[in-house]
**Student:** 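Below is a structure I'd like to ask you about.
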Amino acid sequence: MLITKIYQPDEVAKAAAELRKGELIAFPTETVYGLGADATNEQAVKRVYLAKGRPTDNPLIVTVSSIAMMKNYVVELSEPAKRLLAKYWPGPLTLIFKIKPGSLSKAVTGGLTTAAFRMPANEVTRKLISAAGVPRVGPSANSSGKPSPTTAQHVYHDLEGSIAGIVDDGPTQVGVESTIIDMSAAIPAILRPGAITAEELTTFLGQEVMTDRHHVGQTEVPKAPGMKYKHYAPDAQVLIVANEQWQQALRWASTQTEKVGVMAPATILQADLPANCQGFNLGPDVESASRRLFAGLRYFDSDFKVNWILAAGFPEEGLGTAYMNRLRKSAGDQFFTTESTD
Ligand code: TXA
Ligand code: MG
């Protein structure tokens, strides 16, 4: 068992030294915390899969501190790709490009001819990468299948004893992982919705952008390999509640013998919650709800155990597309309806 150290933002040099030695260091970003390892050190990369319990055919994001660092691996950048990088980096947009053959290990790419690149907005993390002098793999720093971590404490909960350290820069701002856009084919395709929305990207690029809402089944070959795995699942069963269903949902909750978690805006929590319900405030809008979603799911896993979680749905537009994408996965697509719970 390793002793997992917590590093403050001014201790980045120490954390970078650990990374260079091949150790695993979790780092803050504007979206969620990531689990870093030197992307050029195959042994270190392999330990990332072990620490997370992640299936080894699910490729990792390569996190860089500059476009120049990424160019060591990418074949060529199209004009639209250059425009995206100029506009959105650093920021919550991950881009997939064709890579120079053999430039990244199979442990990073899962054997694909492409790789995903991201430059986080968090300054502490960019300092950490440039101090280490090498790109870093950076999957979300959770145990595979669990909600992504939005605080250093979440990372500690999942990975204590199996990683060397965590750089703590407080809670993340966005709360859902970066938008992933595949720029390796003629028509760009959004593989994962995030804070930079499909609507925004389509307008900015002025061309067709594919959005793939189709969930890949276990036997199909997935476009983004991550699509086929169980995600964000707490121990409790989550039911998504549409705005107009709250009264009925809370009435149903009051008839349960077990405890029920309620993740909703304060306006709903303030109306008399049944005695067996415990509230978690998602804040007033989809921005705050996205920021707090994973913390709420984790709260009802570890701090206040429940069997059911009722969680507020939002319209699937703008940031709501990313929020609902994560919530649907955590709920296995189950919505509260009077029929299904009678
Ligand atoms: O916001 C984020 O992107 C966070 C922070 C820590 O940077 N990172 C993150 O990484 O969410 P991860 O590994 O949890 O999710 C990356 C996703 C995976 O689902 C993976 O399958 C997909 O990106 N991916 C990676 N390389 C790919 C590739 N070459 N083609 C298609 N999908 C790829
Ligand atoms: Mg992840």
Side-chain angles (χ1 to χ4, degrees), residues 25-37 39 45 48-49 51-65 73-74 88-99 103-104 106-122 125-126 128-129 135-152 154-155 158-159 166-167 169 172-185 188-196 212 215-216 221-233 290 294 322 325-326 329-330:
I25 298 286
F27 58 88
T29 82
E30 73 280 34
T31 58
V32 302
Y33 273 72
L35 179 56
V45 173
V48 168
Y49 288 93
K52 282 181 58 84
R54 178 173 173 124
T56 50
D57 63 345
N58 189 3
L60 302 170
I61 291 180
V62 179
T63 312
V64 295
S65 55
Y73 307 98
V74 172
Y88 293 108
W89 272 22
L93 184 68
T94 296
L95 299 97
I96 292 174
F97 295 120
K98 285 208 180 76
I99 53 164
S103 63
L104 286 166
K106 207 176 149 187
V108 175
T109 63
L112 298 173
T113 55
T114 56
F117 294 90
R118 158 148 159 78
M119 176 156 67
N122 184 286
T125 258
R126 290 210 308 282
L128 177 66
I129 306 170
R136 201 185 48 187
V137 294
S140 51
N142 50 286
S143 299
S144 192
K146 287 293 162 192
S148 294
T150 51
T151 65
H154 293 160
V155 180
D158 282 17
L159 301 178
I166 306 167
V167 179
D169 193 27
T172 63
Q173 298 83 49
V174 178
V176 291
E177 305 87 340
S178 60
T179 307
I180 301 182
I181 186 163
D182 185 354
M183 297 301 290
S184 69
I190 292 175
L191 302 186
R192 179 174 74 186
I196 297 173
D212 195 348
H215 293 270
V216 177
V221 176
K223 184 113 130 282
M227 284 179 176
K228 76 176 177 187
Y229 300 108
K230 191 177 162 189
H231 259 101
Y232 314 118
S290 297
F294 292 149
N325 170 270
R326 308 314 189 269
K329 287 183 183 179
S330 76

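Values reported hereafter were calculated over all heavy atoms of this structure, with side chains retained and with hydrogens, waters and symmetry mates removed. One-based numbering, in listed order, for ligands and for the atoms of each. Sequence positions, counted from 1, serve as the residue numbers for this chain.
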**Student:** Using a 4.0 Å heavy-atom cut-off, say whether Arg54 meets ligand 1 through its side chain, its backbone, both or neither.
**Tutor:**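 For Arg54, only side-chain atoms sit under 4.0 Å from ligand 1.
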**Student:** Check each of Ile99, Val62, Leu60 against Thr109 using the side-chain contact (heavy atoms from CB on, under 4.5 Å) test, and report the only one that passes.
**Tutor:**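 Running side-chain contact (heavy atoms from CB on, under 4.5 Å) over Ile99, Val62, Leu60 with Thr109 returns exactly one hit, Ile99.
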**Student:** Is any side-chain heavy atom of Tyr73 closer than 4.5 Å to a side-chain heavy atom of Phe117?
**Tutor:**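 Side-chain contact under 4.5 Å: yes.
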**Student:** Is the closest side-chain heavy-atom distance between Pro92 and Thr179 below 4.5 Å?
**Tutor:**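 They are not in side-chain contact.
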**Student:** What protein N/O/S atoms are found closer than 2.8 Å to the Mg ion (ligand 2)?
**Tutor:** Ser140 OG
**Student:** For the residue pair Ser178 / Arg192, report whether a side-chain donor-acceptor contact shorter than 3.5 Å exists.
**Tutor:** yes
**Student:** Give the atom numbers and elements of ligand 1 that come within less than 4.0 Å of a heavy atom of Gly34.
**Tutor:**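 Here the atoms of ligand 1 in question are 6 (C).
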**Student:** Backbone, side chain, both or neither: what part of Asn58 comes under 4.0 angstrom of ligand 1, heavy atoms only?
**Tutor:** side chain
**Student:** Using modelled atom types only, decide if a donor and an acceptor are shared between the side chain of Thr151 and the backbone of His154 within a distance under 3.5 Å.
**Tutor:** yes
**Student:** Give the atoms of ligand 1, by number and element, whose distance to some non-hydrogen atom of Tyr33 is under 4.0 Å.
**Tutor:**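 So the atoms of ligand 1 that pass are 6 (C).
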**Student:** For Thr31, take its heavy atoms, then give the atoms of ligand 1 lying under 4.0 Å from any of them.
**Tutor:** 1 (O), 2 (C), 5 (C)
**Student:** Is it the case that the side chains of Arg118 and Thr29 hold a donor-acceptor pair, with the cut-off being a distance below 3.5 Å and no angle test?
**Tutor:** yes
**Student:** Measure the shortest side-chain to side-chain distance between Ser143 and Arg54 over non-hydrogen atoms and say whether it is less than 4.5 angstrom.
**Tutor:** no
**Student:** From atom 15 (O) of ligand 1, work out which of Lys98, Arg192, Lys52 has a heavy atom at the shortest distance.
**Tutor:** Arg192
**Student:** When you measure from the centre of the six-membered ring of Phe27, is the NZ or CZ of Arg136 under 6.0 Å away and within 45° of the axis?
**Tutor:** yes
**Student:** Counting C-beta onward and ignoring hydrogens, is there a side-chain heavy-atom pair between Lys52 and Leu35 closer than 4.5 Å?
**Tutor:** yes
**Student:** Which atoms from ligand 1 have a heavy atom of Ser178 less than 4.0 Å away?
**Tutor:** 1 (O), 2 (C), 3 (O)
**Student:** Please could you name the atoms of ligand 1 that Glu177 approaches to less than 4.0 Å, counting only its heavy atoms?
**Tutor:** 1 (O), 2 (C), 11 (O)
**Student:** What do you reckon, does Pro120 put a non-hydrogen atom under 4.0 Å from ligand 1?
**Tutor:**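 Judged by the 4.0 Å heavy-atom criterion, Pro120 does not count as contacting ligand 1.
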**Student:** Under 4.0 Å, heavy-atom basis, I'd like to know which part of Ile180 is in contact with ligand 1: side chain, backbone, both or neither.
**Tutor:** side chain
**Student:** Check each atom of ligand 1 against the heavy atoms of Ser140 and keep those under 4.0 Å away; list them by number with element.
**Tutor:** 8 (N), 9 (C), 10 (O), 12 (P), 14 (O)
**Student:** So Ser144 and Pro55, do their side chains get closer than 4.5 Å, heavy atoms only?
**Tutor:** yes
**Student:** For ligand 1, which atoms have a heavy atom of Leu112 less than 4.0 angstrom away?
**Tutor:** 28 (C), 29 (N), 30 (N)
**Student:** Does a donor on one side chain and an acceptor on the other come within less than 3.5 Å for Glu177 and Thr31?
**Tutor:**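 There is no such pair between these side chains.
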**Student:** Does ligand 1 have a heavy atom under 4.0 Å from the side chain of Ala115, from its backbone, from both, or from neither?
**Tutor:** backbone
**Student:** Counting N and O atoms only, with roles assigned by atom type, does the side chain of Lys146 sit under 3.5 Å from a partner on the main chain of Ala233, one being a donor and the other an acceptor?
**Tutor:**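 Pair found, side chain donor or acceptor close to backbone of Ala233.
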